[in-house]
Amino acid sequence: MDIKKRAGLYLIRKKGRASLLFCLLFLMSISILTGFSLKESTERELDRLRLSMASGFIMKADMDNELYKEVITYEKGPSSTVYAGPMVTDEMIEKVLSLDGVEDYSVIDEIHIAWTNLTLRPGLHSDMEPDPNPNPNDLIPRTEERLELDRHSIDIYVCRNGESHKNFRTGALAITEGRNLETEDHFKAVISDWLAEKNRLSVGDTITLETKEGHYDITEKPLKRLGEPVTVEIAGLFHPNFSQPSSDMTLEECYVENIIYVDEETFFKLQDNLKEHARYQDIAESYDEHHEVEFLVKDPAQIDSIMQQIRDRDDIDLENIELETDSSAYEASAGPYRGIRIFSMALLALGLCGMGVILYLLIHLWMQGRRHEVGIYRSVGMKKREILGQMLIECFAVSFAALALAFLLAGPAAAGCADAAKRLAAPKEKQETYIVKVDKYLLPQIKKTSSDEVLLDGSVSVSAMGFAVLFVCGISGASVIVSFSKINSVEPKNLLQAM
């Protein structure tokens, strides 16, 4: 009788042992396949997030450094304290862009306060009434003209490339009609769909922006215009993918719906209007200086090394200039995937290490129990390699049967685990993905706080199947060989005495 038939007869005769070995090998295989599936799926999604979020770092002037503050006094109006220190220049931007891994940049929160005759989302000044008996000691008397200014004041944000701006890049704002701003645009604007609907505007219509004296000085004529009005064409409409709560204390310009994004030429034209005001002439002429600039990189893993390269360069003066990472949106979205990846690694460890150790101990125990059987085989003249071959065939037959069943069930099991992981990692129903906070400069800051819906496909790859075959067959075969080697050198008569 050849070794294949003997192996088959042994498995039939020892159905209990074969069934236990089959279950153990099946659990090992399904754990490996499911763990690999989740791990590969999460890593694919993390790579996608790295590219889509385009995280980077921020280069900004330390505006709070008292060493660079100057007090300016004027003939009319109170004195003011301004920052007069180093800024991020266009020359510095070009040098940073020349570094490998840096893709683009975006100027952050560079704004011009403007006036428009549009109806805005109502804020603090909407329900205010002019003071019939203004106090002459009030710094800013609440007159009808002053309220008219405040009710129509908005923040104009410069946006050289809309797709690179953090609010659009992170998904906080999404273009619903038309297109976003592009670097070659001239006198174009992107406004909210709320503002467009309220004022019966659409893509292709124009709006007029003005600079008023009351925005930049305490004056008896706050609606006095500085410079020339700027007319812009609406290139697109955006929609905020969150809700900003209303508050009686929120200024009109602090609502995201009232923000208007414009191209660089429009912004510079508005800044030119400040040349008519002695206090702000320097601001109007400093087109090549910026308070804060965000640089986008190809891979968040490169951020630290790129920042260190900037610090090491002698031709980039970082006096009072700070560098900090800007990967909050990526981290918020990547968090759930990292948790799922840890679970998948634990599942792999269970299949690779835990089940592997148990399998070795079980096979070793069974091999010790077959000492008498091995003694009989050797006493009738069977060669050692034939005995080992029979035992390997028995083990591999059970292994392949377990793997075949695991391959059939791995897809549904991985899909089930992926669905469970998606439910566990899904954002809470009442939790906003984005929040808006007004900073000390009265600018609305949009931050991503939770992840989007988790995307996992749960498919089992060919590479995962190949690894499972190699590992399961390898560990079971190695366990048989190691265990057999321990009884191989024992004399047949001693083996026959084993019970």
Side-chain angles (χ1 to χ4, degrees), residues 70 72-84 87 89-90 107-120 125 139-141 143-160 162 181 183-191 195 199 201 205-235 251-254 258-292 441-443:
E70 288 186 4
I72 302 177
T73 57
Y74 302 94
E75 295 181 4
K76 295 182 180 181
S79 60
S80 61
T81 302
V82 298
Y83 175 77
M87 304 277 274
T89 64
D90 285 347
V107 178
I108 298 179
D109 294 342
E110 193 161 83
I111 67 168
H112 181 94
I113 304 175
W115 184 92
T116 179
N117 62 355
L118 299 178
T119 300
L120 306 179
H125 302 100
L139 191 61
I140 304 178
T143 63
E144 181 64 42
E145 194 174 3
R146 182 71 207 186
L147 287 176
E148 178 68 11
L149 174 75
D150 293 335
R151 288 169 182 163
H152 294 274
S153 295
I154 55 175
D155 287 341
I156 305 297
Y157 283 71
V158 62
C159 189
R160 57 180 295 274
L181 294 170
T183 52
E184 64 272 13
D185 279 339
H186 304 286
F187 301 108
K188 303 288 185 182
V190 170
I191 68 174
L195 201 61
N199 293 273
L201 296 170
D205 291 341
T206 60
I207 57 177
T208 300
L209 308 172
E210 299 182 22
T211 305
K212 300 294 188 180
E213 188 173 86
H215 288 141
Y216 296 93
D217 205 353
I218 300 172
T219 174
E220 295 178 356
K221 297 181 179 181
L223 287 175
K224 179 183 177 181
R225 193 176 68 206
L226 296 178
E228 297 297 324
V230 179
T231 301
V232 294
E233 178 185 345
I234 299 174
L251 299 175
E252 279 75 1
E253 58 261 37
C254 293
N258 296 336
I259 291 176
I260 294 180
Y261 293 91
V262 300
D263 58 83
E264 288 184 316
E265 185 170 351
T266 301
F267 184 82
F268 295 151
K269 190 70 175 178
L270 288 168
Q271 290 289 84
D272 280 340
N273 292 336
L274 297 179
K275 292 180 179 179
E276 294 191 7
H277 199 297
R279 187 181 301 193
Y280 297 99
Q281 284 183 353
D282 292 342
I283 295 177
E285 295 174 355
S286 58
Y287 295 140
D288 63 340
E289 295 183 339
H290 315 279
H291 296 145
E292 191 171 347
Y441 301 109
L442 298 180
L443 298 177

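Position 1 is the first residue of the sequence; numbering continues from there. All values below come from the heavy atoms of this structure, side chains included, with hydrogens, waters and symmetry mates left out. Computed from a predicted model, the values in this text were never measured in an experiment.
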**Student:** Only one of Ile191, Thr119, Leu120, Thr116 forms a side-chain contact (heavy atoms from CB on, under 4.5 Å) with Asn199, so which one is it?
**Tutor:**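 Exactly one candidate clears the test, Thr119.
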
**Student:** Find out whether Ile260 and Ile207 are in side-chain contact, i.e. whether some heavy atom of one side chain is under 4.5 Å from a heavy atom of the other.
**Tutor:**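 The answer is yes, as the side chains (C-beta and beyond) meet within the 4.5 Å cut-off.
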
**Student:** Compare all side-chain heavy atoms of Phe187 with those of Thr231 and state whether any distance is below 4.5 angstrom.
**Tutor:**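 No, their side chains stay 4.5 Å or more apart.
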
**Student:** Can you tell me how far apart CD (Glu148) and CG (Asn117) are? Round to the nearest 0.5 Å.
**Tutor:**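 Going from CD on Glu148 over to CG on Asn117, the span is 9.5 Å.
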
**Student:** Looking at Lys212 and Pro222, what are the two nearest heavy atoms and their distance?
**Tutor:**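 Shortest heavy-atom contact: CB-O, 3.4 Å.
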
**Student:** Can you find a heavy atom in the side chain of Asp155 that is under 4.5 Å from one in the side chain of Ile113?
**Tutor:**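 Yes; the side chains approach each other to less than 4.5 Å.
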
**Student:** Taking the side chain as every heavy atom from C-beta outward, state whether Val232 and Asp263 have any pair of such atoms under 4.5 Å apart.
**Tutor:**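 Sidechains of Asp263 and Val232: no contact.
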
**Student:** Going by side chain to side chain donor-acceptor pair (under 3.5 Å), name the residues that satisfy it together with Glu184, two or more places apart in sequence or in a different chain.
**Tutor:**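 Glu184 satisfies side chain to side chain donor-acceptor pair (under 3.5 Å) with no residue once adjacent residues are dropped.
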
**Student:** To the nearest 0.5 Å, tell me how far Leu149 CG sits from Glu213 CD.
**Tutor:**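 Going from the CG atom of Leu149 to the CD atom of Glu213 covers 10.5 Å.
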
**Student:** Taking all non-hydrogen atoms of both residues, which atom of Ala189 and which atom of Val262 are closest, and how far apart?
**Tutor:**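 So the two residues come closest at CB-CG1, 4.1 Å.
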
**Student:** Rounded to the nearest 0.5 Å, how far does OG1 of Thr211 lie from NZ of Lys224?
**Tutor:**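 Result: 13.5 Å between the selected atoms.
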
**Student:** A side-chain contact here means heavy atoms from C-beta on lying under 4.5 Å apart; do His291 and Val107 qualify?
**Tutor:**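 They are not in contact (no side-chain heavy atoms under 4.5 Å apart), so the answer is no.
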
**Student:** For the atom pair CG (Asn258) and CD (Glu252), what is the distance rounded to the nearest 0.5 Å?
**Tutor:**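 Asn258 atom CG to Glu252 atom CD measures 7.5 Å (nearest 0.5 Å).
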
**Student:** Rounded to the nearest 0.5 Å, how far apart are CG of Leu181 and OG1 of Thr266?
**Tutor:**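 The CG atom of Leu181 sits 8.5 Å away from the OG1 atom of Thr266.
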
**Student:** Please work out which of the three classes, parallel, tilted or perpendicular, describes the rings of Trp115 and His152, given edges at 30° and 60°.
**Tutor:**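 His152 vs Trp115 ring planes: tilted.
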
**Student:** Nearest 0.5 angstrom please: Lys188 NZ to Thr206 OG1, how far?
**Tutor:**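 Here the rounded value is 10.5 Å.
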
